[in-house]
Colleague: 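So that we are looking at the same thing, I have put the structure below in structure tokens.
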Amino acid sequence: MKLVIKNLKKSFEKKEVLKDINFDFSSGKIYGLLGRNGAGKTTLFNCLNEDLDIDAGEFYIVDDKPRKIESKDIGYMLSTPVVPEFLTGREFLKFFIDINKENIPDLKSIDEYFDLIKIDADDRDKLMKDYSHGMKNKMQMLVHIIASPSILLLDEPLTSFDVVVAEEMKELLKKLKKGHILIFSTHIMELALDLCDEIVVINNGVLESIDKNNLNNEKFKEKIIHVLKGEENA
Amino acid sequence: MLRDFHISFQVKNAYTVNQFIYGLQRLPLIGKFIPSTFYKIKFFKLLSFLITFIREVIKIFGYKLLYIAVFLILPLSLFKSNSSELFMHIYLFLAIIGAFANTEIFNPTKDKYYMIVLMKMNARNHAISNFLYFLGSIFVGQLVSMLILAHNLVPWYFILLLCLITIMLKFIAINIYFYRMKIKDEVINENKPKSWTLYFGLIILFWGLAYGLPYFNIIIPEYVFLIISVIIIILGLISIKSVFTYPNYANLYKKLLNQNNIFVSSEDVQKNTLIESNLKRISVDTSIASNKEGFAYFHDLFVKRHRKILSDSAKKTTLGILLVGIVLLFVIFLVPEAKSPINNFIMNYLPFILLLMYFINTGKVVTNAMFMNCDHSMLSYRFFRQPKTLLSLFRERLKTLIVLNIIPAFTMSLVISILLALSGGASYITYIVVFLSIIAMSIFFSVHNLILYYLLQPYNIGMEMKSATYTIASLVTYWLCYYISDLKVSSLTFGIIMILFAIIYSLVSLFLVYRYAPKTFKLR
């Protein structure tokens, strides 16, 4: 499976944020999306998730042949976790599973899911309004893991986790990548290098893949920074 | 010091213009055409200088003129007096209140926050230069205002004296505050007194002295006033020095200029209180559960955990209607003459009930809670926005909203029917029409509020209301109800029209929701 983006454009007022995005993302990989502040990472995600209307271009999935992206194909995890706070964690999962039953591959029990993201038994029946930031984030991540969409967009997902949980989540994401496309935006280069199979940089409104080409991590980092600064061809 | 004043003036100027442009950009319709490049256009700096200048002129002269007119000239005319002694008597006590309530030095303002905290300007220089400007503007403002309004009441040299003691009283008040800070180790904030009771008690006391004493013909004689003035001036002169040499301005402002004192209504604070107050509406009762499935389950829990704002308010309204009904029932039994007007009212003022139903419908409060505590988070999930999902939840919500609001409406219908019967009765058909039309009104408002929410979803992710269309639609609804409530039309005719309208409106709007809500119901 592939996610193909062709000539995608998006402007705000007169500012062209996405000038001409062309890229093929393949399943089984985690892509690290790097870009400077305001480069358009979130805009790209919002376009792919159809929260924003695009000005020009197209994007679609290619299985055997090209097809339109449906709602169930895509999951978008926001950097600030949003969960319905009037529900307990368990109720949220029950509701989510009720609604999405037909689309969930190998359905497990609710407690098994809680075990997966290591939420304590005591917390499972508490209202989520009393959850910590990190716990809300875990719940949000879990819902996406359960739904298992073909494409998962993650906007700075690990920043609110403590180091231990961040490690657990990284392992989870690595397990999840089989058969999926994970696009992971971050400002933390170490995280990107550690977790992602490919580094993609968004700069001046275009998307480009950075080849590692047998470089060691230090050299590779330098190369990425060059690109981020817009000095690639300098 | 002059330089400091100049800089702080320029900064004020800069953010006045920025606020102005920011405000323009947020206007409906026009806002779209105001690009952000406006911020750097020189012309606007000039414009903002003009705004600041006009604002200052209004502050210096306009307010003072108003103040002298309302608090001095008007009372004098009520006392039917044109005595200069009475004028000065009242002025003195008002000036004492003003001296303590409005010192400038102890007023935490945004200007001070920007200049002293953010831009690290020397606190003493900023405080004193602005204080001097403040005193100057008071002196000139009061002087001119009194010369204009009171020149035939008070001789000019007394007017000058009054202005002088106003200034001196400010110095004395500040000095007393310094002293209190020293012995009590606390920070004085003139906008947040330690005890509001004491604060208002003192204001009432001095108002009493200003206006009450003359009522009993006790007025400070001129020679006593002169003695008091001399004392005030001497004390004032002593205080001047300590205001200028006070060593702890930096420390004072460090404590006074904390964000809570300044940004009481900033967006962040507002947003946080909004979130908190909404989260508080969620019931923490652990016994709440639901045995339904899917969306019914989700919605059921929402309703149960928001009982306070949902069913409780319906219960209260119902109780209120019953109470009014019982009172009117008693009136009918005790005062037979009241029968005819009550009967007449019900027969002819059904449109007025429409306005009443507008006010008691909980649709707006409920949709607000739906957004804040539920849709705000759920709308970021794709599955929640799928048409099938969205509409099945819409159905659940519509049912709940109608049922919740129909309880008070039903009670109202019943009460009105009983009142109608006991106050002289009406034709068989009138009973039915009045009864059904009130139910129809209730359903109409429930449908209306919910479809407005689904079709125009007015909030953005920051929980601000962003839709001008929604605001206009709400205003138009209110205005129409208000207009209709005044129509002279028999209840029978109006009732029939209302029932038909409610049915047609509901059908059309349901069609619109099914057609368009999947597109319109999303985060802005």
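All figures in this text were calculated on a predicted structure; none of them were measured in a lab. Quick note on labels: first sequence line is chain A, next is B, and so on, each numbered from 1. Just so it is clear, the values below take in all heavy atoms, side chains as well, and ignore hydrogens, waters and symmetry mates.
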Colleague: Under a 4.5 Å heavy-atom cut-off, does chain B meet the side chain of A:Ile74, its backbone, both or neither?
Modeller: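 Contact with chain B involves both backbone and side-chain atoms of A:Ile74.
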Colleague: Heavy-atom distance under 4.5 Å to chain B: side chain of A:Lys101, backbone, both or neither?
Modeller: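 Answer is side chain: those atoms of A:Lys101 sit under 4.5 Å from chain B.
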Colleague: Identify which part of B:Ile288 has an atom lying under 4.5 Å from any heavy atom of chain A, answering side chain, backbone, both or neither.
Modeller: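 Interface part for B:Ile288: backbone (N, CA, C, O).
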Colleague: With a 4.5 angstrom heavy-atom cut-off, could you sort out which part of A:Gln140 is near chain B: side chain, backbone, both or neither?
Modeller: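 It is both, since atoms from each part get that close.
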Colleague: To the nearest 0.5 angstrom, please state how far the NZ atom of A:Lys136 sits from the OG atom of B:Ser377.
Modeller: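 A:Lys136 NZ to B:Ser377 OG: 9.0 Å, rounded to 0.5 Å.
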Colleague: In this structure, which one of B:Lys304, B:Lys292, B:Arg305 forms a salt bridge (charged side-chain N to carboxylate O under 4.0 Å, His left out) with A:Glu91?
Modeller: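 Of the listed residues B:Lys304, B:Lys292, B:Arg305, the salt bridge (charged side-chain N to carboxylate O under 4.0 Å, His left out) partner of A:Glu91 is B:Arg305.
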Colleague: Under the 3.5 angstrom rule, does the side chain of B:Tyr381 hit a backbone N or O of A:His144 as a donor-acceptor pair?
Modeller: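 It does not hold such a pair.
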Colleague: Could you tell me which portion of B:Tyr297 (side chain, backbone, both or neither) has an atom closer than 4.5 angstrom to a non-hydrogen atom of chain A?
Modeller: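 It is the side chain, since no backbone atom gets that close.
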Colleague: Shorter than 4.5 Å, heavy atoms on both sides: which option in B:Lys388, B:Lys522, B:Gln386 has the most such pairs with chain A?
Modeller: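 Maximum pair count with chain A is reached by B:Gln386.
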Colleague: Please rank A:Asp125, A:Ile97, A:Val83 by heavy-atom pairs under 4.5 Å with chain B and give me the top one.
Modeller: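 Winner by heavy-atom pair count: A:Val83.
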Colleague: Should we say atom CZ of A:Arg90 is surrounded by more than 12 heavy atoms from elsewhere, each under 6.0 Å from it?
Modeller: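 Yes, the 6.0 Å shell around CZ holds more than 12 heavy atoms from other groups.
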Colleague: Take a 6.0 Å sphere around NZ of A:Lys174 and say whether it holds more than 12 heavy atoms from other residues, nucleotides or ligands.
Modeller: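 Enclosed.
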Colleague: Which atoms form the tightest heavy-atom contact between B:Asn373 and A:Phe86, and what is the distance?
Modeller: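 For B:Asn373 versus A:Phe86, the nearest heavy atoms are O-CD2, 3.3 Å.
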Colleague: Take atom CZ in A:Arg36; do more than 12 heavy atoms of anything else shown fall under 6.0 Å from it?
Modeller: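 12 or below, so no.
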Colleague: Pair B:Phe298, A:Leu87 - check side-chain contact (heavy atoms from CB on, under 4.5 Å), show working.
Modeller: CA-CA 8 Å; B:Phe298 180 77; A:Leu87 293 182; 3.6 Å; yes
Colleague: Shortest non-hydrogen contact from A:Phe95 to B:Gly294?
Modeller: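 Nearest pair, atom of A:Phe95 first, then B:Gly294: CD1-O, 3.4 Å.
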Colleague: With a cut-off of 6.0 Å (strictly less than), are more than 12 heavy atoms of other residues, nucleotides or ligands near OH of A:Tyr60?
Modeller: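 Check passes, neighbour count above 12.
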Colleague: Among A:Leu78, A:Asp51, A:Asn49, which one satisfies side-chain contact (heavy atoms from CB on, under 4.5 Å) with B:Ser380?
Modeller: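 Going through the options one by one, the only one that passes is A:Leu78.
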Colleague: To the nearest 0.5 Å, how far apart are CZ in B:Arg382 and CD in A:Glu70?
Modeller: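 Here the interatomic distance stands at 10.0 Å.
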Colleague: Counting heavy atoms not belonging to A:Asp63, are there more than 12 under 6.0 Å from its CG?
Modeller: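 Above 12, so yes.
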